[in-house]
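Here's the structure, in structure tokens; my notes come after.
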Protein chains: 2
Amino acid sequence: MQIEKIIEEKNLKLTTARKELLGIFVASSKPLCFEDIKSKLNMDKATFYRNVSKFESEAILNSFESNDKKRYYEINESAHAHFVCNRCNQIECLKEKLDYKLRGYIIADVIFKGVCKQCNQMSL
Amino acid sequence: MQIEKIIEEKNLKLTTARKELLGIFVASSKPLCFEDIKSKLNMDKATFYRNVSKFESEAILNSFESNDKKRYYEINESAHAHFVCNRCNQIECLKEKLDYKLRGYIIADVIFKGVCKQCNQMSL
DNA sequence: CTCTTAAATGCAACTTAGTCGCATTTACTT
DNA sequence: AAGTAAATGCGACTAAGTTGCATTTAAGAG
Ligand SMILES: [Mn+2]
Ligand SMILES: [Mn+2]
Ligand SMILES: [Zn+2]
Ligand SMILES: [Zn+2]
């Protein structure tokens, strides 16, 4: 199981909470917030937040804030942009690689906001 | 004074709070959150939030959430992207027009996140 | 395998941006 | 000037996330 390897490679203690948490993120195809998974979690929210923060500082996860005042976390692998729908608040990972350039800036993330395909079609 | 005209054109009551608030946004060159201007404001925060919400639903303002769990508002005129610095949390309005396309989606806003020019230079 | 210890956890209290209900005030209408 | 609906101020509340502290647990040494 590679989850344990990821944790150990960063010299983090291999706790049950960390295995459970990282397993959920590895299995997910989209960014998740605490709210999304709290019913599945066997840990306190303080433990969730302390661990996602640690994972982020070790570059295992990355995160961003959406439109709904919640912070979303996902496995940090291929850099890609996200689309956040202002109507349904759904978040989609976009396939396109980030190749945006701005002279003098480092671009770590691109977030498009607007109306997603589904909400767009519903309004026709 | 055009501030009063903007408010009246939308058939909103011309209150002193609205004139004060809209005056601040018209004079600003960047998006503002409640925190940014509360010391200047002669109104309760409930009045601030109720009015920016109303201004937004009337398309006088638009808003987005930054990295710091705060919502930022600005005058809704030219569509442009924003850069949010993950280090200093500063928000910049980018000059470039939004001409991004995603089939099936409506893009209302683009937010780049990363490291701004200033923070980037400091780390050299 | 047992002992030691630093790190991780659970819990409750706290912080903070924003919201809401309600009594009072104010802008517009006639 | 009077009537009325909308706007305001205030205090209580909500919800995401944080923090302090007592307890538990993982990892390493012997
Ligand atoms: Mn993603
Ligand atoms: Mn702007
Ligand atoms: Zn949608
Ligand atoms: Zn910066």
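In what follows, every chain begins at residue 1, and chains take the letters A, B, ... in the order their sequences are listed. What you are looking at is a predicted structure, and each value in this text was computed from that prediction instead of being measured.
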Identified side chain to side chain contact (heavy atoms under 4.5 Å, CB included) partner of I111(B) from the options N67(B), V84(B), L94(B)
V84(B)
Table of protein N/O atoms under 3.5 Å from nucleotides 25-28 of chain D N/O atoms:
from    : atom 1 : to     : atom 2 : distance (Å)
dA27(D) : OP1    : L14(A) : N      : 2.6

Through direct or indirect side-chain contacts below 4.5 angstrom among Ile, Leu, Val, Met, Phe, Trp and Tyr, which residues connect to I106(A)?
V115(B)
Taking the side chain as C-beta and beyond, is there a heavy-atom pair between F64(A) and I91(A) under 4.5 Å?
yes
For K45(B) and dC13(D), what is the distance between atoms NZ and C1' respectively, to the nearest whole Å?
10 Å
What is the distance, to the nearest angstrom, from the NZ atom on K54(B) to the C1' atom on dT8(D)?
13 Å
Length of the line joining K69(A):NZ and dT18(D):C1', which is rounded to integer Å
17 Å
What is the separation between atom CZ on R18(B) and atom C1' on dT8(D), rounded to the nearest whole Å?
10 Å
Which residue lies toward the 5' end of DNA chain C, D44(B) or R50(A), if each is placed at its nearest nucleotide?
R50(A)
Side chain to side chain donor-acceptor pair (under 3.5 Å) test vs H82(A) passes for just one of E92(A), K113(A), E74(A), namely E74(A)
Does anyone know the first and last nucleotide of DNA chain C in reach of chain A, 5' to 3', at under 4.0 angstrom to a heavy atom?
dA6(C) to dG18(C)
Does the side chain of C116(B) reach to within under 4.5 Å of the side chain of R87(B), using non-hydrogen atoms?
no
Gap between atoms CE and C1', on M43(B) and dA6(D) respectively (whole Å):
16 Å
Determine whether I60(A) and L41(A) fall in the same hydrophobic cluster, where Ile, Leu, Val, Met, Phe, Trp and Tyr are linked whenever their side-chain heavy atoms lie under 4.5 Å apart.
yes
Would the Y105(A) and F83(B) ring centres measure less than 6.0 Å apart?
yes
With a 4.5 Å heavy-atom cut-off, do F55(B) and N76(B) have their side chains touching?
no
Contact class for A17(A) (heavy atom, under 4.0 Å): base, sugar-phosphate, or nothing?
sugar-phosphate
Once you apply a heavy-atom cut-off of 4.0 Å, does D68(B) come out as touching a base, just sugar-phosphate, or nothing?
nothing
Can you tell me how the ring of F48(B) sits relative to the ring of F34(B), calling it parallel under 30°, perpendicular over 60° and tilted otherwise?
tilted
Compare side-chain N and O positions of Y49(A) against OP1 and OP2 of dG17(D) and report whether any pair is under 4.0 Å apart.
yes
